[in-house]
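Take a look at the structure below.
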Amino acid sequence: MWDLVVDQWFLIVMGILIAIASQVQVPKSHQHLKQTVVNYLAVSVIFFINGCTLPTQVLIENLSRWKVHIFTQAQCYLLTSSISYGIVSACATDKDFMDPALLIGIIIVGCLPTAISFNTIMTRKANGNGALTIAQSTIGNLLGPFLTTALLKLYTSTGAWYTDILPETEGFTETYRYVFKQLGLSVFVPLLVGQIIVSVFPRLVKKVLIEWKLSKLSSFALLIVIWSTYDGAFESDAFSGVQSDNMVFVVFILVALFLVWIAIAIGVSWLWLSREDTIAVAYLVPTKTPAMGVPITTVMFVGLSEAAQSRIQLPMVIYQGVQTTLSSSQLNSLLILGFYSTYDSYIHIFKDGNVSKPPMV
């Protein structure tokens, strides 16, 4: 039992924090301050630690891999958004069953850029290419204000009945300013500072982060980010105005979307990428960041009622719990590792010319 607790401590602590957020929330007057502090301070801790542990040369090499960038970003945006829109279109046949705001929220989930902090931590835990994850996550979030808004405009301009609740879209200057400011102060600056410190004090950094195990602070910082998201959702009563059957349906769809996206990412990646790169792509494609989704929807749909805004953002909040739970269970990593163990065994057998004994699965 103790081994299970130690192995799954992240999920256990996340469940406790969500339970606390459901009972006690930061007052509404302090929500903006809380969100600002968490988005900058907690995320900065994650990327400062990554800057201290990533070799500079490896990071530069992964930033220059433009083919992998196109391959990954096409899945992160075009693949996920088209599948989520297709699912919503298939499920929107009954106007009396589904809340239109929830359907729009599912579409928004598919249009969002990949997560940064979450991917960075999970990829390193699964022994994937952490440098590639940072490069891809950064590129994806730089493209987010442009691609996400364009995709949302495309999918919500079809004239479907569930888009009737949406007001006319406004300009996006404020969204661009918010996103690029956050990326600069919470990602680029801490990453650069970490790279400088590890180059000047390599032994001290190794002792503090590895021997003293202070690198685990990044996991605690991620838990704070997750708590902050659910605290805001419960404070706005986003869960209270949704029918129970709608809630079950949304959770089921989001779980299915995650599994479909990660299956496609693994299936197309193993054909030409290494095992470490495949693990990185497997986390990059299905994970989404509500940190960009909330400000984008707030700016795009100015004039929408607060209740409708909360329901639109609800699938993003639920999906964060889904992606954290499924990723932290290590099932995805085990599938990848098991597949590649079998695949590598076949390769070695054919190279050695010994085809009499099949590999152990």
Original post:
Going by the angle between their ring planes, with limits at 30° and 60°, are Tyr319 and Phe258 parallel, tilted or perpendicular?
Top reply: tilted

Do [X] and [Y] have a side chain donor and acceptor closer than 3.5 Å?
X	Y	value
Asn62	Gln136	no
Gln31	Lys28	no
Gln323	Thr287	no

For a quick test of reading the model, state the closest non-hydrogen atom pair linking [X] to [Y] and the distance between them.
X	Y	value
Ser137	Leu284	OG-CD2, 3.3 Å
Val198	Gln195	CG1-O, 3.2 Å
Phe188	Thr138	CE2-CG2, 3.0 Å
Cys111	Leu152	SG-CD2, 3.9 Å
Ala308	Ala101	O-CB, 4.0 Å
Ala282	Pro286	O-CD, 3.0 Å

Original post:
Hey, mind stepping through Tyr283 and Thr133 against side chain to side chain donor-acceptor pair (under 3.5 Å) and telling me if it holds?
Top reply: CA-CA 8 Å; Tyr283 280 112; Thr133 297; over 6 Å; no

Tell me whether [X] contacts the main-chain N or O of [Y] through its side chain, where contact means a donor paired with an acceptor under 3.5 Å.
X	Y	result
Asn127	Glu276	no
Tyr85	Gly110	no
Thr325	Val322	no
Asp277	Leu132	no
Tyr77	Gly140	yes
Thr148	Pro145	no
Ser327	Thr324	no

**OP:** Give, for atom CD1 of Ile12 and atom CD1 of Ile16, the distance between the pair rounded to the nearest 0.5 Å.
**Re:** 7.0 Å

Original post:
For the atom pair CD1 (Ile107) and CG (Leu102), what is the distance rounded to the nearest 0.5 Å?
Top reply: 11.5 Å

Side-chain donor-acceptor contacts of residues 203-228 below 3.5 Å, not counting sequence neighbours, with atom names and distances?
{"from": "Ser215", "atom 1": "OG", "to": "Leu209", "atom 2": "O", "distance (Å)": "3.3"}
{"from": "Ser218", "atom 1": "OG", "to": "Ser215", "atom 2": "O", "distance (Å)": "2.9"}
{"from": "Ser228", "atom 1": "OG", "to": "Gln35", "atom 2": "OE1", "distance (Å)": "3.2"}

Original post:
Using links of under 4.5 Å between side-chain heavy atoms of ILVMFWY residues, direct or through other members, which residues join Val24 in one cluster?
Top reply: none

**OP:** Might you work through the side chain to side chain donor-acceptor pair (under 3.5 Å) test for Thr289 and Asn141, ending with a clear yes or no?
**Re:** CA-CA 9 Å; Thr289 173; Asn141 280 262; 5.0 Å; no

Report all side-chain donor-acceptor pairs from residues 160-167 shorter than 3.5 Å, counting only partners two or more places apart or in another chain.
{"from": "Trp161", "atom 1": "NE1", "to": "Ala92", "atom 2": "O", "distance (Å)": "2.7"}
{"from": "Thr163", "atom 1": "OG1", "to": "Ala160", "atom 2": "O", "distance (Å)": "2.6"}

Original post:
Hey, mind stepping through Ile134 and Asn50 against side chain to side chain contact (heavy atoms under 4.5 Å, CB included) and telling me if it holds?
Top reply: CA-CA 9 Å; Ile134 291 181; Asn50 277 280; 3.9 Å; yes

